[in-house]
Structure formats: structure tokens, C-alpha cells
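Naming convention: chains lettered A, B, ... in sequence-line order (proteins, then strands); numbering from 1 in each chain. When reading the values below, keep in mind they use all heavy atoms of this one structure, side chains included, and skip hydrogens, waters and symmetry mates. The model shown is predicted, which means the values in this text are computed figures rather than measured ones.
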There are 2 protein chains.
Amino acid sequence: MMTDQTEKPGRKPRIRDAEATKARILEAAKKEFAKNGLGGARVDDIAEKAKANKRMIYHYFESKEGLFQTVLEEAYLDIRSAEQKLNLEDLDPTTALERLVRFTWEYYLRNPEFLTLVNSENLHRAKHLKKSEIVKSSSRKLVGMVSDILERGVKAGVFRHGIDPVQLNITIAAVGYYYLTNRFTGSIIYERDLMAKEALEERIRFNIETIMHLVAA
Amino acid sequence: MMTDQTEKPGRKPRIRDAEATKARILEAAKKEFAKNGLGGARVDDIAEKAKANKRMIYHYFESKEGLFQTVLEEAYLDIRSAEQKLNLEDLDPTTALERLVRFTWEYYLRNPEFLTLVNSENLHRAKHLKKSEIVKSSSRKLVGMVSDILERGVKAGVFRHGIDPVQLNITIAAVGYYYLTNRFTGSIIYERDLMAKEALEERIRFNIETIMHLVAA
DNA sequence: CGCTTAACGCACTAACTAGTTACTTCTTTA
DNA sequence: TAAAGAAGTAACTAGTTAGTGCGTTAAGCG
């Protein structure tokens, strides 16, 4: 059936912008996947919230899983690129390490979707991330950064010798990640509001202490 | 329609055992929820794997969410009860703390469903756990245990003063939990098999070091 | 032994869900 | 300016899914 739209003066002509539509879909998808997981997210809801047609999702991303993979990859690239911008190599080792711990904490705090996306990906045994070569190479840089800080610290006599940069990296992530991803069950188990302003401040202080005691000479 | 079963000599009469059926359903549900999350798990699959009829799930647990809540509650009670059996109050503070760190790690390692169930519950903002009074009270005992170890350690001059037992508790959980729940993405990011025997041994050693340095006087 | 109660099972439904078909409409460029 | 191709849409399909209605069967008890 044909509708003669020139007859209706009130209708707005659709503005076409592939990149903008793609970006809206990705943003909506990130929120939905983070809120409900890969299995719980609904393609129809994502389309609606992106103010796009569902068909466009399949046009740009092939499938729901293809969309998830893109969302996940972008999330990893975002945190890795933010880490690069810290310029830790220009700071003395102690300051650099503290800054990384603080950054990691604040990134998780401001981007809680990242935590949920990673959890979702682990539920699926990382089958989407496996395919992403660029995420691997950007992660290598992060390990290199921490490795460099450790070496400089040992040379300066402020850090102890023999710490594995990968283990340290994991631990820096762990002390923030666990607290924040489990903030709901944690608030019940420990009977305090883990997301209260003072609680958050106390936690980052504690985390910095933990890491500093761990590396101290 | 009526089937005269006395005519068929080969058929085995169903053995009726409400408790056993309930237990089989719970066991199957734990596995399914852990594998696929609350949203991804299928009630039909749970029924099949429990060798029970789907109708029984609704008979005993009212709904899929009711079943999830029971599974989750049992999981928490199991770890809390295992912690109680450690008898940490009979050990000197340093040994007691190391034992708790090791126990937590090994529990997570042997019961990976626990990690996934907790993740799933946090995706749902802990709405099921909120209702469970018994989980709260058993968690209070855990914090009390750590609190006691810390106090004894300070008195004995081996631990430093002023450490918050809740923060310590969270950190002990964190360093194991993060590593294991993110073992799939972690193995890609850090380009090593995090679940290899030596990797696991290295990690528990590192975690004990982390906690010991943190509390050391 | 017969009766009640609780365990159990089949077959169904109403709502949902990922993905598709078959179009229309806008934009660019030869 | 016309044609081609890309962006966008609505309605549909085939398969799933949580939850139920209702009948059957075993076990315990007076």
C-alpha cells in the first residue's frame, strides 16, 4: 500500500545518518545488556530505546550476539584507552601506582555497565572476547605499564623485588571490582550501605593502603 | 483416560519421596542458574535434569524466582556454615587469618556456581537475598570471627591497629573472587591460562601475601 | 480395606522473542 | 535528473517459555 506523504504537511522527513543510528543502537544496547545480561536483554527494547527500527540492528550487527560483541569490545577499548591517557610513565613509581589504583576504582564507579558486561561475558566463557585481537594488544600495554612502574620502583628502592605485574594488575582490579559489582548483596551481608559517600571514600583509601603495603620494600 | 497398570508387569512403580525430589530439583536448579543466570535458565531444562516433572517445581517453589531464591539462600548458608567449622578462634591470629584466606579461595574454586549465583543476584539488585533474615545473621558471625582474629592479633603485637574487619573481609573475598569469576576473560586479557595448576598455586600464594602484608604490624 | 491426602504427570495456553520478508523513502552521483 | 543504492519501516513467522488445569497414582491411617 502506498501513502502519499506530500499530502501531509505536518510530517517530518526522516533524517538519515547511519553513524548516528549505529551509535544510538550501541548506547542503548550497552545499557540493556548491562541491566539484564546477554540472555535477559530484549532486542525489541534495544531498538525502541535507540529510537531505531529493529531491522537496523540486524542490518548493522548481524545478530544479537554480534551486537553484544561490538558493545563489549568498545567497552574494553574505552577503559584501555583511558588508562593510556594517565601517562603513568611520567610520574614517580609510588604516585603512578596510586594513581592507577584510584583511576581503576573511579572508572568502575562511573561505568558500572563495564562490570556487568564483563560478568555477562564470563558467564558465556568469553566466547565473544576471544575473537577480538585489538583487545588483547591493548591489554598487553596495560601489563607493560605496570611492569614499568614496578621496575622503576625496585630500582628506586621503594618497592620490593619479585612482584609479578600480572598478579598485581589482577589485584588492583579485584579490590575495586568485587566491592562494586557485589554492591547489592554486599550491602545486605555487611549490613551497611556500601554506596554511601563515606563508605566509598573509606574503600578507596583502604584499597590504596592494600596495594601500597603489598609492594612496599 | 485410564491405563490399567496392573496389566503391565514390566513397569516400575514410581517411588514417592517429596524430600528427595525437592533436593534433586534444587541441585539441578543450582547448576542451571549458575550456568545460564536467572534469565537464561530454563524451567523445562531444570525439570528434565532433576528427573522431575515441571509441575513439581511450581508445587514446591511457587515460581522460577521462588526456586532461585531457595537455591541462593542454600548457597549462602552452605559457605557460612563451612566457615564456622574452621574453628579459627582456636588458632593463633596469623594462622587463623591465613587459613581463612586459603579456605575462601578453595571454596570458590570448588564451588564455582556460588560465584555465578552471586553475580546473578547482583544483576537483580539483590532483591531475593533481601528477604532472607537467616543469611544476614550467619554473615554477622563471619564478620565477628574476623573481628576477633584482628583483635587478638593486635594484642599479640603481630597485626597493626585500626583495620576495619568489614574492609578486610571484603578484600579477602575480592582477591579470590575476581580472579575466579573472571577466569575466562582474564585468561585472554593476561594471555595465560589462569586455571592451570601452577597459576592457581601462584595466585593463592600471592593472595596470602597480599593479606598478610596488609595486616602486618 | 477403603478413604483421604499428597506426590506426580500430561497436555495445553497465552505471551513473548529472535530474526525475516517485502516493502518505502531519502541521498548521492554519473 | 534519473538511477542506484543505502537507510529506514511495518507486519509477520516459527519457535520458545513460564505457568496451569485437571486427571492419575502411591502412601498413610482409621
Side-chain angles (χ1 to χ4, degrees), chain A residues 1-26 28-29 32-33 35-71 120 124 128, chain B residues 1-26 28-29 32-33 35-71 120 124 128:
Chain A
M1 198 201 298
M2 189 141 153
T3 51
D4 187 352
Q5 304 198 333
T6 55
E7 297 292 288
K8 295 175 183 176
R11 76 172 274 287
K12 42 200 162 181
R14 279 168 303 182
I15 302 139
R16 298 193 163 196
D17 188 336
E19 286 310 307
T21 304
K22 246 177 158 169
R24 283 204 317 281
I25 291 171
L26 280 172
E32 283 296 300
F33 284 135
K35 201 172 184 179
N36 305 306
L38 171 53
R42 298 292 159 237
V43 177
D44 287 274
D45 290 0
I46 293 171
E48 197 186 342
K49 273 158 195 167
K51 284 176 196 179
N53 190 282
K54 180 163 62 148
R55 196 68 190 77
M56 290 293 95
I57 292 177
Y58 291 92
H59 183 239
Y60 291 126
F61 304 101
E62 286 222 78
S63 64
K64 188 185 179 184
E65 294 215 16
L67 177 58
F68 181 80
Q69 189 173 329
T70 309
V71 166
S120 219
H124 294 87
H128 309 94
Chain B
M1 196 200 300
M2 189 139 155
T3 51
D4 187 352
Q5 302 196 335
T6 55
E7 297 293 286
K8 297 174 183 178
R11 76 172 274 286
K12 42 199 163 184
R14 280 168 303 182
I15 301 139
R16 299 193 161 192
D17 189 335
E19 285 310 307
T21 305
K22 248 176 156 169
R24 282 203 319 281
I25 291 172
L26 280 172
E32 282 297 300
F33 284 135
K35 200 172 185 180
N36 305 305
L38 172 53
R42 298 293 161 237
V43 178
D44 287 275
D45 291 359
I46 292 170
E48 196 187 342
K49 274 157 194 167
K51 285 176 197 180
N53 190 281
K54 180 162 63 147
R55 198 72 190 72
M56 289 294 95
I57 291 177
Y58 290 92
H59 183 239
Y60 292 126
F61 303 102
E62 286 222 76
S63 64
K64 189 185 179 183
E65 294 218 16
L67 177 58
F68 181 80
Q69 188 172 330
T70 308
V71 166
S120 220
H124 293 88
H128 310 93

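Checked for salt-bridge contact, B:Glu32 and B:Arg42 miss the test: no charged N lies under 4.0 Å from a carboxylate O.
Using a 4.0 Å heavy-atom cutoff across all strands shown, A:Ala47 reaches no nucleic acid atom at all. Counting any heavy atom pair closer than 4.0 Å across all strands shown, A:Ala41 reaches sugar-phosphate atoms only and no base atom. Residue A:Phe61 is out of contact with every strand shown, counting any heavy-atom pair closer than 4.0 Å.
Side-chain atoms of B:Lys51 do not come within 3.5 Å of backbone N or O of B:Thr21 as any donor-acceptor pair. Side-chain atoms of B:Lys64 come within 3.5 Å of backbone N or O of B:Ala41 as a donor-acceptor pair. Using modelled atom types, no side-chain atom of A:Lys35 and backbone atom of A:Gly40 make a donor-acceptor pair closer than 3.5 Å.
Between the P atom of C:dT20 and the NE2 atom of A:His59 lies a distance of 13 Å, rounded to the nearest Å. Put simply, CG on B:Asp17 is 10 Å from P on D:dG28, counting in whole angstrom units. Distance A:Ile57 CD1 to D:dA7 P: 15 Å, rounded to the nearest Å. Atom P of nucleotide C:dA15 and atom CG of A:Asp45 are separated by 18 Å, given to the nearest angstrom. Atom CG of B:Asn53 is separated from atom P of C:dA11 by 11 Å (rounded to the nearest Å). Spacing between atom CD of B:Glu19 and atom P of C:dC8 amounts to 11 Å, rounded to whole angstrom units. Taking atom CG of A:Leu67 as the reference point, atom P of C:dT17 lies 16 Å away to the nearest angstrom. Residue B:Asn36 contributes atom CG, which lies 14 Å from atom C1' of D:dT17 at whole-angstrom precision.
For A:Tyr60 and D:dG8, the shortest distance from a side-chain N or O to OP1 or OP2 is below 4.0 Å. Phosphate contact (OP1/OP2 of C:dC16, side-chain N/O of A:Arg42, threshold under 4.0 Å): absent. Residue B:Ser63 has no polar side-chain atom (N or O) positioned under 4.0 Å from OP1 or OP2 of D:dA18.
For A:Met56, the listed nucleotide lying nearest its side chain is D:dT9; candidates were D:dT9, C:dA18, D:dT20.
The base of D:dG21 is paired with the side chain of B:Arg55 by a donor and an acceptor separated by under 3.5 Å. Evaluation of atom-type donor-acceptor distances gives no pair under 3.5 Å for the side chain of B:Lys54 against the base of C:dG9.
Here A:Lys49 contributes atom NZ and A:Ile25 contributes atom CD1; the two are 14.5 Å apart, rounded to the nearest 0.5 Å.
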